[in-house]
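One structure is given here, and the rest of the page talks about it.
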Amino acid sequence: MIDSSINILEEEEGVARKRINDLIEECPQLQKGEALIRKAFELANEAHRGMRRKSGELYIFHPIAVSRIVASEIGLGPTSVTAALLHDVVEDTNINLTDLESLFGPKVANIVDGLTKLDSVLDQNASLQAENFRKLLVSMIEDVRVILVKLADRLHNMRTLDSMPEHKQYRIAAETLYIYAPIAHRLGLFAVKTELEDLSLKYEHPQVYNRLQEKLKTNEADYQTIIDSVALPIQEQLDKRGLKYTIKARPKSIYSIWRKMQAKNIPFEEIYDILAMRIVFEPTDNGLDEKTQCWGIYTVITSLFRPNPDRLRDWVSIPKANGYEALHTTIMSPSGRWVEVQIRTNRMDEIAERGYAAHWKYKDEEPAGENEIDKWIASIRHMLENADSNSFEFFDEFKLNLFASEIMIFTPKGELKNMPVGSTALDFAFEIHSNLGYHCIGAKINYKLEPLSHELKSGDQVEIITSEKQQPKYEWLAFATTAKAKTKLREVFRAERKEAVAKGENLLNEYLQEKKVTINARLIKRMLDNYHISNKEELLYQIGKGAVNLDNLEKVLPQKSPNKWMKMWKLSFGSKENIEREDVDDDYEDDSSDPAPAPMPKDKNIVLSDEATQSYAIASCCTPIPGDDVVAYVEENGTMTLHARQCPQAIKLMSSMGNRIVAAQWVSHKVLSYLVAIDIEGIDRQGIVSEITKIISFEQNVKIRSVHFEAQDGVFNGTIILYIHNTDDLQTLIKKVIKVNGVESVKRKDKVE
């Protein structure tokens with residue numbers, strides 16, 4: 001039996017060695033570092049010997065797979081592949097960073113260090129998940145290959161997520177969608193980003209994913225016919241011009257289809273631009289630049305097919321912030337279906353697929369100066385240098401920097417700035433310069449005076465108006481949307497707060513000394529309760545800025561301390577613990593240690609019902625009902641808060657506090673009712689509201705709480721808030737209401753307001 005196990009292990013290691021040989025042979029950029037890569041493989045193979053993944057596969061196959069993604073899909077070289085092979089050895093084996101540095105040099109060791117997770121954090125309130133992410137970013141700003149290897153690691157983990165338990169699948173998928181897919185997008189790794197999004201959807205909403213995948217497969221033949229009807233005439237014209245090109249066609253990704261269905265509340269069948277075709281060509285040496293040649297192909301296409309004027313996207317004149325360049329148009333096919341066409345050169349295509357790594361390959365061909373990705377990394381460096389100790393808040397701030405959609409804003413001199421959608425005039429001021437942001441009082445947008453809270457639109461020309469007397473205001477945080485603006489404002493407010501806290505501490509100490517009272521944890525708690533303040537620092541801050549009047553403290557101070565001899569008598573005849581703490585006032589003993597948080601449920605997949613004995617609450621941000629896909633977030637006191645699985649707040653919690661997430665099934669025995677809001681739209685006619693409410697009234701398991709309808713120009717829209725048992729009852733009701741003559745759509749709102 002032992003011999004058989006040894007033979008299997010040797011056979012598997014032989015397969016692993018062959019995979020390394022194949023990788024080096026297939027990727028020419030690795031051959032100059034072949035010796036280093038083989039040395040790393042041998043060390044990793046020895047260090048991980050005998051280890052297996054949850055799937056039962058030999059562990060060494062994982063770092064080899066990550067190395068293949070790093071080399072063949074992202075296009076990195078020997079140093080990155082070496083680090084990919086070694087990325088888990090420090091975390092999972094006895095090898096340390098000093099060993100790696102002596103064997104492979106500081107660059108490899110630093111990349112591995114950035115990828116090695118922390119074992120614990122000192123601050124009990126911090127999230128280990130968020131702290132590990134912060135550590136990853138610190139390493140990334142020194143060497144961007146850290147995050148590229150991490151993305152490869154995450155991509156392989158997502159490809160092999162089947163073997164993980166369900167609750168871990170939810171957490172990892174949510175974290176991937178919330179953080180890693182946007183990072184891949186920001187670094188220009190389109191292929192990696194798309195696959196991460198699709199795989200996240202597959203594990204977060206498997207039924208949705210499978211249904212959409214089946215629909216795409218069913219329509220595959222029809223799609224090919226439509227693509228052929230467009231591609232063949234284009235090929236004929238491009239061949240006449242002697243161009244070297246390739247045409248690739250595919251439907252949109254499953255995730256992007258689902259996102260559009262969610263955003264527009266439409267079924268799969270109503271998505272009109274599901275097909276995309278890409279033309280990648282080799283520029284000719286005819287004296288025309290790449291941009292002009294892209295527009296030449298655009299002219300060929302639009303002379304054959306009618307374009308949609310609202311769907312032209314010119315990213316060859318002004319590339320996206322992640323470096324993406326292409327010309328997009330949407331044309332009408334002979335069958336009446338819209339088809340998106342992307343036009344790129346080979347260089348543009350490689351940058352679109354391989355992102356940052358390809359940027360460096362073509363760096364010598366670009367104008368001098370920082371590109372947008374360099375600026376993005378510089379902004380992260382600034383955030384890290386100025387972040388406070390709260391890793392969860394930092395996690396939030398970083399997410400603001402990962403905007404997927406951008407607008408283009410012009411300065412008065414015509415300089416272009418890329419900003420996230422939703423940016424305000426205040427955000428733009430900080431984007432130009434910090435001092436401009438600190439002293440701004442308003443803005444002229446397209447020559448019209450607007451407040452700092454004004455939301456910008458793509459193409460706006462913005463002039464910031466300033467005054468030396470102006471100082472940052474706390475209310476600005478309510479309409480600052482970019483990470484840069486928020487970080488800069490908080491720097492100022494943090495300094496002001498620090499001064500106020502110090503002042504408050506002095507005032508409180510002086511007051512208590514005058515009253516001859518010693519400060520301790522119980523007294524602080526009584527003070528917090530008295531003033532309805534959440535923590536000690538906030539209390540000191542409020543005292544420092546004069547918002548809290550210390551004269552009101554009399555009622556929470558001890559009325560009379562026991563005399564010394566009585567205290568000694570009590571302690572002497574008390575427990576051993578009390579004898580060891582004679583210097584503590586009995587009336588206010590030190591209870592600074594908070595109660596231990598309630599233990600996490602051992603079963604990470606629980607079933608809740610109307611009659612469940614577990615304590616659970618319903619999240620107000622998404623108001624789920626029985627039958628919805630839900631997850632539970634376990635609070636420190638053990639209470640579970642139920643969120644809809646697609647709720648943005650739930651995704652954020654899974655991404656940063658994943659250890660507190662429990663996969664939950666919520667069933668109803670129709671004992672309790674829950675609030676749900678539905679929106680109804682349609683063509684107005686006399687009696688339609690009465691007809692709708694009558695249908696609802698006849699439903700046995702539904703009660704109406706409120707009704708609000710408005711009609712204008714022959715169209716109505718309304719909101720009805722209901723008490724309902726579960727999603728089945730809700731769907732039954734929606735099917736009946738949608739049949740009412742004149743009703744065009746009935747949809748459930750994300751939350752009850």
Side-chain angles (χ1 to χ4, degrees), residues 181-188 190 193 256 259-260 263-264 273 291 308-330 340 342 348 351-352 355 370-380 382-383 396-434 436-437 440 442-465 476-489 648:
I183 289 178
H185 170 84
R186 202 64 177 77
L187 292 172
F190 177 79
K193 168 240 183 190
S256 65
R259 276 290 300 272
K260 183 163 281 192
K264 297 192 173 184
D273 58 347
K291 180 172 76 169
N308 184 332
D310 295 328
R311 298 289 296 170
L312 176 63
R313 301 291 182 266
D314 178 9
W315 288 304
V316 293
S317 300
I318 305 173
K320 286 187 178 183
N322 61 11
Y324 179 83
E325 296 173 78
L327 196 58
H328 289 200
T329 184
T330 301
E340 182 185 90
Q342 303 168 1
M348 294 173 186
I351 288 174
E370 283 187 325
N371 62 36
E372 290 295 331
I373 294 176
D374 293 328
K375 292 177 185 176
W376 179 65
I377 291 173
S379 73
I380 294 172
H382 179 82
M383 285 174 61
D396 244 4
E397 291 299 310
F398 177 79
K399 188 64 174 70
L400 283 174
N401 241 20
L402 287 176
F403 48 85
S405 301
E406 295 151 350
I407 54 177
M408 298 171 187
I409 307 299
F410 293 90
T411 68
K413 293 182 179 180
E415 183 184 351
L416 179 67
K417 296 287 181 183
N418 286 311
M419 301 287 292
V421 168
S423 292
T424 61
L426 178 67
D427 295 315
F428 185 75
F430 277 103
E431 181 66 23
I432 301 298
H433 198 279
S434 302
L436 204 64
C440 60
K444 282 187 178 179
I445 299 171
N446 304 325
Y447 305 103
K448 182 184 176 185
L449 191 62
E450 299 285 0
L452 293 174
S453 59
H454 182 86
E455 187 174 318
L456 303 177
K457 294 181 176 60
S458 198
D460 282 347
Q461 188 173 33
V462 182
E463 179 186 354
I464 301 298
I465 303 168
W476 288 3
L477 284 170
F479 51 82
T481 66
T482 62
K484 185 173 183 179
K486 284 180 176 287
T487 302
K488 288 292 184 183
L489 287 171

Does any non-hydrogen side-chain atom of Lys484 lie less than 4.5 Å from one of Glu431?
yes
Looking only at heavy atoms, which two atoms of Gln461 and Gly414 are closest? And how far apart?
NE2-N, 4.3 Å
What pair of heavy atoms forms the shortest contact from Trp476 to Gly437, and how long is it?
CZ3-O, 3.4 Å
Cationic N near anionic O, under 4.0 Å, Lys457 to Glu455
no
Verify, without hydrogens or angle tests, whether Glu340 (side chain) and Thr330 (backbone) share a donor-acceptor contact under 3.5 angstrom.
no
To the nearest 0.5 Å, what is the distance between CG on Leu416 and CD1 on Ile318?
5.0 Å
Is there a donor-acceptor contact under 3.5 Å from the side chain of Asp427 to the main chain of Thr482?
yes
Can you tell me how far CZ of Phe430 sits from CD1 of Ile464, rounded to the nearest 0.5 angstrom?
10.5 Å
If you count every heavy atom of other residues, nucleotides or ligands that lies below 6.0 Å from Lys417 atom NZ, does the total exceed 12?
yes
Closer than 3.5 angstrom, by distance alone: can the side chain of Thr424 be matched with the main-chain N or O of Phe479 as a donor-acceptor pair?
yes
Search all heavy atoms of Pro412 against all heavy atoms of Val462 and return the closest pair with its distance.
CD-O, 3.1 Å
Counting only heavy atoms not in Arg259 (residues, nucleotides, ligands), do more than 12 fall under 6.0 Å from its CZ?
no
What distance separates His454 NE2 from Asp460 CG, expressed to the nearest 0.5 Å?
6.0 Å
Tell me the closest heavy-atom pair linking Ala425 and Leu456, and the distance in Å.
N-CG, 4.0 Å
Over all atoms of both residues, closest heavy-atom pair of Leu426 and Cys440:
CD1-SG, 3.6 Å
So NZ of Lys320 and CZ of Arg186: to nearest 0.5 Å the spacing works out to 11.0 Å
Could you tell me the separation between the CD atom of Glu415 and the CD1 atom of Ile432, rounded to the nearest 0.5 Å?
6.0 Å
Lys488 and Ser434 have their tightest heavy-atom pair at CE-OG, 2.9 Å
Measuring from atom NZ of Lys291 to atom CG of Asp314, what distance do you get when rounded to the nearest 0.5 angstrom?
7.5 Å
Indicate yes or no: at least one non-hydrogen side-chain atom of Ile409 is less than 4.5 angstrom from one of Ser423.
no
Heavy-atom side-chain contact between Thr411 and Phe428 under 4.5 Å
yes
Just by distance, do the side chain of Asn418 and the backbone of Met408 share a donor-acceptor pair under 3.5 Å?
no
Test item: Val316 and Met348 side chains (from C-beta on) under 4.5 Å apart, heavy atoms:
yes
Check whether any side-chain N or O of Lys486 sits under 3.5 Å from a backbone N or O of Ala480 as a donor-acceptor pair, and report yes or no.
yes
Flag, side chain of Glu325 to backbone of Trp315, donor-acceptor distance under 3.5 Å
no
